[in-house]
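All remarks here apply to the structure that follows.
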2 protein chains.
Amino acid sequence: MSCRGGRVNIGEIAKRAGVSRSTVSYALSGKRAVSAATRRRILQVIDDVGYRPNASARALAEGRTRAIGLVIPPAGRRLTPIQLGFVADVVAAAGRRELDVLLSPSGGEHDRSFERMVRGRRVDGVILMEVRLRDARAARLRESGVPFVAIGHTADAATGYWVDLDYQGLVASCVRHLADLGHREIALINRPRELLDSGYGPARRALDGFEAAAAARSLSATASCCPDEAAAGETFIEDLLAARPGVTGLVTINEAALPGIERALRRLGRAVPRHISVTGVVGRHWAEEFHPPLTAADVPITDMAERAVELLAERLAEPGTPPRNVLLAPPISLRSSTAPPP
Amino acid sequence: MSCRGGRVNIGEIAKRAGVSRSTVSYALSGKRAVSAATRRRILQVIDDVGYRPNASARALAEGRTRAIGLVIPPAGRRLTPIQLGFVADVVAAAGRRELDVLLSPSGGEHDRSFERMVRGRRVDGVILMEVRLRDARAARLRESGVPFVAIGHTADAATGYWVDLDYQGLVASCVRHLADLGHREIALINRPRELLDSGYGPARRALDGFEAAAAARSLSATASCCPDEAAAGETFIEDLLAARPGVTGLVTINEAALPGIERALRRLGRAVPRHISVTGVVGRHWAEEFHPPLTAADVPITDMAERAVELLAERLAEPGTPPRNVLLAPPISLRSSTAPPP
DNA sequence: TTGTAGGCGTTATCAC
DNA sequence: GTGATAACGCCTACAA
């Protein structure tokens, strides 16, 4: 294809190929038969001048943009590596389906871009990250009639499209794993309190799963929240072990606190897994960086991104179909951070 | 504004307000005087039905999309937290200017989305992350005539718009800082070798700055590359100190290796900064998470994002102006990881 | 197999 | 101050 990316439009191609504009259009879309000869000629010209249909014009005519929106938490709140990897994976998955991705931070009061996307029909559908049990953005999308897939589910789970991780089941599995090893006193290191209080699903359900499983096995269990930071993880462990020195098993869904947890345990002379076992649900990368590598359920972000895009694409293709959703429960990868208590 | 986000277009608003479509348009854009009364009436209707101009139609008519593209490194290569924070910051900065952001991974062979963006006129301009000294994507944009701002500069620095960090100067400052403290034997921990070899500017210029400054102060200096991973940082330190036990000063621009560096130093019994000093150029977060907090130049991602969007917006507004660029040199934040050598 | 023509929703140029 | 009306570039009946 040549250099001049100038102002070539379909009419120009038609003229050069000696056909009508519709023929060019059909040669490209394949929605009507075009003789092999003309098609070849047209494609040749297109390749020569480096033509590509104008996306805006196409969107206007077709009534769809071939783009999806990805609503991310606002920039202020630092994104966790998991969330950020997810963004990249969504873009990749969408790209495979010839969909472009428009990013919109939201949740703060900069919902301007959110509104632009939604009302301005800039996108055909939306993937909504980090959904709360009751979520204003989800409500907004619903009332605007914009198809969307939520990452995490809302309170009315049955009525929408979503992809989520089975935090409840996974955390319960972790608890049972510890119980099976003989642990009697365990603790949950949850995400920050604000998240839990605002009805953030994973935090909520992790807590539920933890408490239920601990009760079922009659373990002595404490659950508390911890800010998403290494430093916070450090003081968390100090405080925890000061208050409850008998704890021998830790379950965490707070990956960002992990480095601090590791540091504190080492400093306090608690070897993992000899003195204390650690497990939970965290990004694979974090599990592997922990010392010793963490026995944990790895958050399958690439899967989640792929499924979310798939669901959305499906929903766009077949608007009528009943809601579908996906609850992922990745296996717990056995590494070396758990063992029987001392 | 009301709920029905349906198919309202400007004609519908015009009808309800009892005016022509153009009047509605002008009431919104302000490009023509509209009497206070009609304007009020129109805005009232718009607010009632929740109308927003269709972005595609507007783009087609105006000849610009009010969207910019952000070209990120492909998903495969894990994005560093700095890069990821940058994405969020760009989106925020663009949002402030009523610009939407389209994401496109590139560099791998998924250049389809890149081409879609560029040739399909989906965006008015592009921000190109992580530019190489000689960069195919930059060349492509240039020949397509798409305005862009590069993060990092290409070999022909003078001819383009870019925003970059003065790695050369910053690393040199770090070296001089160590020299001033009395260090005589230092080492540079650079980004991965592939990046250096492929002409990745920061790696290249960090090396240059390091060698020049070390030579100027007649320090004994080694520079090597290290993969972007904690584990790699760990073995890096082991190898380095085995080979050159006399090293007392470390300069790094590899933030991802930092946790490993910290672990290795601790395990080898080298206290920071008593036995060994550490400094460099890394994301603020990483500097603060290091123990003890790192004396280092903090990569000013928010600034860089803001300036990049600003430059691009300017370039879009005034196509004729000569290239502008910004070389940021943030101060080195004094924390507590450097001291005179033992 | 191919061409003609109308429409998608805006903005912008004329008139009045 | 305001209203018609022609682009913008593409898609897609409807004809031929």
Side-chain angles (χ1 to χ4, degrees), chain A residues 5-43 45-46 49-67 98 100 116 118-124, chain B residues 5-43 45-46 49-67 98 100 116 118-124:
Chain A
R7 321 242 123 260
V8 278
N9 60 20
I10 202 173
E12 177 70 17
I13 304 297
K15 197 187 302 171
R16 296 205 193 199
V19 296
S20 76
R21 293 180 340 210
S22 52
T23 302
V24 176
S25 177
Y26 286 120
L28 244 30
S29 71
K31 291 185 181 172
R32 181 166 96 173
V34 172
S35 82
T38 38
R39 136 165 293 127
R40 200 166 31 245
R41 192 149 30 95
I42 289 170
L43 293 180
V45 173
I46 285 179
V49 307
Y51 164 78
R52 283 205 146 236
N54 178 306
S56 305
R58 190 216 282 258
L60 183 56
E62 281 193 320
R64 61 171 176 151
T65 61
R66 299 166 183 265
E98 303 275 271
D100 284 320
R116 269 203 310 276
V118 171
R119 314 297 303 224
R121 304 207 134 42
R122 258 223 142 118
V123 296
D124 297 330
Chain B
R7 322 239 123 261
V8 278
N9 59 21
I10 202 173
E12 176 69 18
I13 303 298
K15 197 189 301 171
R16 297 207 193 198
V19 295
S20 74
R21 291 183 338 217
S22 45
T23 302
V24 175
S25 177
Y26 286 119
L28 243 30
S29 70
K31 291 183 183 173
R32 181 166 96 173
V34 172
S35 82
T38 38
R39 132 165 295 123
R40 196 165 35 244
R41 191 149 30 95
I42 290 170
L43 293 181
V45 173
I46 285 179
V49 307
Y51 163 78
R52 284 208 145 233
N54 178 307
S56 304
R58 191 217 281 258
L60 183 57
E62 281 193 320
R64 60 169 177 154
T65 61
R66 297 166 185 266
E98 303 276 273
D100 283 321
R116 270 203 309 277
V118 171
R119 313 297 304 226
R121 302 205 136 42
R122 254 214 147 126
V123 296
D124 298 330

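Below, chains carry the letters A, B, ... as their sequence lines are ordered, and counting in each starts from 1.
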Closest to the R21(B) side chain: dA4(D), dT5(D), dC11(D)? dT5(D)

Does T38(B) reach a base, just sugar-phosphate, or nothing at all? Heavy atoms under 4.0 Å. sugar-phosphate

Side chain to side chain contact (heavy atoms under 4.5 Å, CB included), paired with V24(B), selected from I10(B), L43(B), V34(B), N9(B): I10(B)

Which whole-number value in Å describes the distance from R66(A) CZ to dC10(D) P? 13 Å

Where each residue is assigned the nucleotide of DNA chain C containing its nearest heavy atom, which of S22(B) and A57(B) is assigned the position nearer the 5′ end? A57(B)

Send over the distance from L60(B) CG to dA6(D) C1', rounded to a whole Å. 13 Å

Could you give the CZ-to-C1' distance, from R58(B) to dA7(D), as a whole number of Å? 17 Å

I want to confirm an ordering. Mapping N54(B) and Y26(B) to their closest nucleotides on DNA chain C, which one lands closer to the 5' end? N54(B)

In the structure I gave you, are the side-chain heavy atoms of R58(A) and S56(B) within less than 4.5 Å of one another anywhere? no

Check if the side chain of R32(B) and the base of dG3(D) share a donor-acceptor pair of N or O atoms closer than 3.5 Å. yes

With heavy atoms under 4.0 Å as the rule, sort G120(A) into base, sugar-phosphate or nothing. nothing

Nearest whole Å is fine: how far is dG1(D) P from R41(B) CZ? 15 Å

Starting from C1' on dG9(D), measure out to CZ on R64(B) and report it in whole angstrom. 18 Å

Using a heavy-atom cut-off of under 4.0 Å over every strand shown, decide if S25(A) touches base, sugar-phosphate, or nothing. base

Does S56(A) have a side-chain nitrogen or oxygen under 4.0 Å from the phosphate oxygens OP1 or OP2 of dC8(D)? no

Reading DNA chain C from 5' to 3', where do the contacts with chain B start and stop? Cut-off is 4.0 Å to heavy atoms. dG9(C) to dC14(C)

Mind calculating the distance between CG (N9(A)) and P (dC8(D)) to the nearest angstrom? 9 Å

Roughly, in whole Å, what's the span from CG in L28(A) to C1' in dC11(D)? 12 Å

Roughly, in whole Å, what's the span from CD1 in I42(B) to C1' in dG1(D)? 11 Å

Mark yes or no for whether R119(B), through its side chain, and R52(A), through its backbone, hold a donor-acceptor pair below 3.5 Å. no

